[in-house]
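Right, one structure below, let's go through it.
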Amino acid sequence: MSRDSLVLHQNRPSFSDRLIKLLLQARSMAILTGAGISAESGVPTFRGPDGLWKTYRPEDLATPEAFAHDPRLVWEWYDWRRQLIARCQPNPGHYVLAEWERRFKDFLLITQNVDGLHRRAGSSRMVELHGNIWKVRCLREGAVMENYEAPLKEIPPHCPCGGLLRPEVVWFGEPLPVEALRQAYAAAERAELFFSIGTSAVVQPAASLPLVAKQCGAYVVEINRDPTPITPMVNESFQGAAGPILEELSQTLRRISS
Ligand code: BV8
């Protein structure tokens, strides 16, 4: 198969020999995930038909301006999401990716998700590009701490020092954490195999990572329920639910390796 040919799998996934060979032999792998990997855990996505943004406009809630204008409203949205996520469990897709980090010498999971489900599934070689909904930052001291109250005892919450707390997540117009972004780009540049899983690939700069990987010679695979702007440029695209496809791929690898 030529490097740029696109293999579309829309029904029962059949895995190309090239993909299986790379999964068995590649030395370096990087994976970008988005809200779609957590959808089967019950966490609403952002832009799908049942997406979070349908109910709320991003500029109303996920921006520093919105928080400065109405910290209570923004915290009510995050408190609602935290309570919902607290009831969710990692799904098979999260567990397969946690298992894969043990298969590759050079591996990085790059998530846009703030729900913490990858870590709960056992992933450790990972970066959270958009922060974590279970961390808060004091606006007076700048201290970052974990906070698992669901529901929050007070809205908006305050630091013991009296300072207002904000969610330790990246809002629109805010820069991404420098070290996490550096690691993500470096992993994309050296990856032999790059997966983009469960992301609409519209939010920058995360959405550029699959393109960077492709330009640097990686074999790029997309697993997503719907087509995205990167679908035409990837080497293989699996259109469907990530959990079952990742489970099937993991079982295929186990069968071949045994
Ligand atoms: C920044 C907050 C600069 C946390 C979020 C060009 C270049 C650079 C920037 C920009 C640019 N153009 C515009 C910008 C600005 C902006 C941006 O990208 N806007 C977009 C909308 C055009 N980017 C920014 O503002 C970023 N900051 O660039 O700063 C800067 C630099 C220096 C100094 C100052 C400033 C910040 C971006 C982060 C914003 N924060 N969230 C939170 O509350 O969650 S973004 C939000 O979208 C989430 O974090 C989410 O992770 C992210 C991406 O969404 P997805 O994860 O892809 O989710 P989505 O619902 O969209 O898609 C899910 C997919 O799953 C769907 O395709 C669906 O088909 C699929 N699916 C569903 N179920 C399943 C499934 N797939 C498989 N299986 C299933 N079961």
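Whatever order the structure lists ligands and atoms in, that order sets their numbers, starting from 1. Being a predicted model, the structure only gives us computed values, none of them experimental.
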Applying the ring-ring contact (aromatic ring centres under 6.0 Å, His included) criterion to Phe67, which one of Trp171, Tyr78, Trp77 satisfies it? Trp171
Give a yes-or-no answer on whether the side chains of Thr111 and Thr33 include a donor-acceptor pair shorter than 3.5 Å. yes
Sorted by chain and residue number, the residues having a heavy atom closer than 4.0 Å to an atom of ligand 1 are Gly34, Ala35, Gly36, Ala39, Glu40, Thr45, Phe46, Arg47, Tyr78, Arg81, Gln112, Val114, His130, Val169, Val170, Trp171, Phe172, Gly173, Glu174, Pro175, Leu176, Gly198, Thr199, Ser200, Val202, Val203, Gln204, Asn224, Arg225, Asp226, Gly240, Ala241, Ala242
Going by atom types alone, do Ser123 and His94 pair a side-chain donor with an acceptor below 3.5 Å? no
Hey, any chance Tyr95 and Leu253 share a hydrophobic cluster, counting ILVMFWY side chains that come within less than 4.5 Å of each other, even indirectly? no
Residue from Arg82, Lys153, Lys135 passing side chain to side chain donor-acceptor pair (under 3.5 Å) with Asn147: Arg82
Derivation of the salt bridge (charged side-chain N to carboxylate O under 4.0 Å, His left out) call for Glu154 and Arg72: CA-CA 10 Å; Glu154 68 160 339; Arg72 169 180 297 282; over 6 Å; no
